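A quick note: this is a predicted structure, and the numbers were derived from the prediction, not measured. Chain naming here is simple, since letters A, B, ... match the order of the sequence lines and numbering starts at 1 in each. Atom set for the values below is all heavy atoms of this structure, side chains included, hydrogens, waters and symmetry mates excluded.
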Number of protein chains: 2
Amino acid sequence: MIETTKQQLVSAASRLLDAGGQEAVTLRAVGERVGVSHNAPYRHFSGRGALLGAVAKRDFNMLKQAFDDQNSANDSPEAALRGSAAALIAYGIEHKARYRLLFSDPQLPSDAILKEAAFDSFKAFSGIVARCQQHGALPDVDTVSLTGVIYATIHGAIDLEISGRASGAKGLGSVEATASLLFDLLRNHGATGYSATRPTLAIE
Amino acid sequence: MIETTKQQLVSAASRLLDAGGQEAVTLRAVGERVGVSHNAPYRHFSGRGALLGAVAKRDFNMLKQAFDDQNSANDSPEAALRGSAAALIAYGIEHKARYRLLFSDPQLPSDAILKEAAFDSFKAFSGIVARCQQHGALPDVDTVSLTGVIYATIHGAIDLEISGRASGAKGLGSVEATASLLFDLLRNHGATGYSATRPTLAIE
DNA sequence: ACCTGAACACCGTTCAAGT
DNA sequence: ACCTGAACACCGTTCAAGT
């Protein structure tokens, strides 16, 4: 399965994000990796922003898949929730610049297609939260609002971590510990040694 | 009280952040606002990054002051907590690019002085959390870890909001609603119509 | 339909020079 | 001590031209 030039450009941009962050993704560097000139990308994307948007769309789809996989692989809804959180955290830690592109970059031009991909991944996560509520593992409040709290907490913890804000002498635990504490508190202080299924991510 | 050239450069950078975001803060635009050449800033800062660091330090100090003010103005610890959250949220909404600079920009060069300013504001917030725990308004777990959860949630909600990620058809409530729901849930589902002292921010 | 090379406007930074 | 103007390397983007 060989990649088209367009797909190669997206892959090259993803690798450059991992290697050197946003600033490393210049059209000249992307072109060089693929073996085309620095303005060949304009034949496939309207500009640098649209290329980054394509990276984001691809990763949103992979995250949705990871959430769906957790949902299928775990009989316990709480295990699916913790496993999904772990998958998102792993993605953030291992692909900092890409995580920020998807969840934190205000410049990212989001067309309808990208918005849909982002919403689909959110829906998959939200569905797991709803399952937890039905099993009594999470409080019985409005599902979307509750998902908002959980999503915000995990995102905030990841973002503070990968932006270096948590590394100060703040004594903050790992991102996993923060997420785990939230889940425990939402279960009414029922601290457990619970361990979710180890997440697998099909992201290069 | 006239500003020194150095202070004028910091103020100009802050206003440019508010008006046009990070990309609008070019040394040429900063210099023009102050009435100096585009490389005059190098006489006061080691470069663009250090100038932005000075903006961040100033704002961290103002936020610490806002938290301390909330702590003094409210007899109820929970009112101080909700007021501090509201102050942080208001700063984020009204100064999006500056908020991101302080709490989310991985490029921001953080020397020891800036780290200390950031830590001091975190400590002020953490002290309010501790007061809430003593009054039974928050669960009796490790204070720093609990502050980490609360801080992550508020930061995550603000960041998703100002990066446009919450505006999709996700049905998410306002940032205030997300923070308020967290506080309610941490009090064991005790939903209240609680209203904190309106925060005031001494930020231009 | 897809790509190239030159060119343009813009940027951060450096440096020699001025007061 | 503080500032200026020219210059450099780099960038995204545009455009005329090639196949």
Q: Hey, can you pull the residues of residues 29-37 of chain A with a non-hydrogen atom under 4.0 angstrom from DNA chain D?
A: none
Q: Of all residues at least two apart in sequence or in a different chain, which pass the salt bridge (charged side-chain N to carboxylate O under 4.0 Å, His left out) check with A:Lys6?
A: none
Q: Does B:Thr5 make a side-chain N or O approach to OP1 or OP2 of D:dC3 shorter than 4.0 Å?
A: yes
Q: Listed by chain and number, what are the side chain to side chain donor-acceptor pair (under 3.5 Å) partners of A:Lys64, not counting sequence neighbours?
A: A:Asp68
Q: Which pairs, with at least one residue in residues 15-37 of chain B and sequence neighbours excluded, count as a ring pair (Phe, Tyr, Trp, His ring centres under 6.0 Å)?
A: none
Q: In chain order, what residues pass the ring-ring contact (aromatic ring centres under 6.0 Å, His included) check against A:Phe60, with sequence neighbours excluded?
A: A:Phe103
Q: My understanding is that only residues two or more places apart in sequence, or in another chain, count here; which of them pass side chain to side chain donor-acceptor pair (under 3.5 Å) with A:Gln8?
A: none
Q: When you look for runs of 3 or more Watson-Crick or G-U pairs in a row, both distances below 3.5 Å, which of them include DNA chain D?
A: C:4-8 with D:12-16, C:12-16 with D:4-8
Q: Please state whether the phosphate of C:dC3, meaning OP1 or OP2, lies under 4.0 angstrom from any side-chain nitrogen or oxygen of A:His44.
A: yes
Q: Filter on salt bridge (Lys or Arg N to Asp or Glu O under 4.0 Å), then keep only pairs touching residues 146-161 of chain A, sequence neighbours left out; what's left?
A: A:Arg100-A:Asp159
Q: By side chain to side chain donor-acceptor pair (under 3.5 Å), which residues pair with B:Ser174, not counting sequence neighbours?
A: none
Q: Taking side-chain hydrogen bond (donor to acceptor under 3.5 Å, both in side chains) as the cut-off, I'd like each qualifying pair that reaches into residues 41-55 of chain A, sequence neighbours left out, listed once.
A: A:Gln22-A:Arg48
Q: Taking ring-ring contact (aromatic ring centres under 6.0 Å, His included) as the definition, give me every residue that meets it alongside B:Phe125, ordered by chain and number, with sequence neighbours left out.
A: B:Phe67, B:Tyr151
Q: Base, backbone or nothing for each nucleotide of nucleotides 6-19 of chain D, written B, S, -, heavy atoms under 4.0 angstrom, 5' to 3'?
A: BB---BBBBB----
Q: Should A:Leu138 and A:Ile150 count as side-chain neighbours, where that means a heavy-atom distance under 4.5 Å?
A: yes
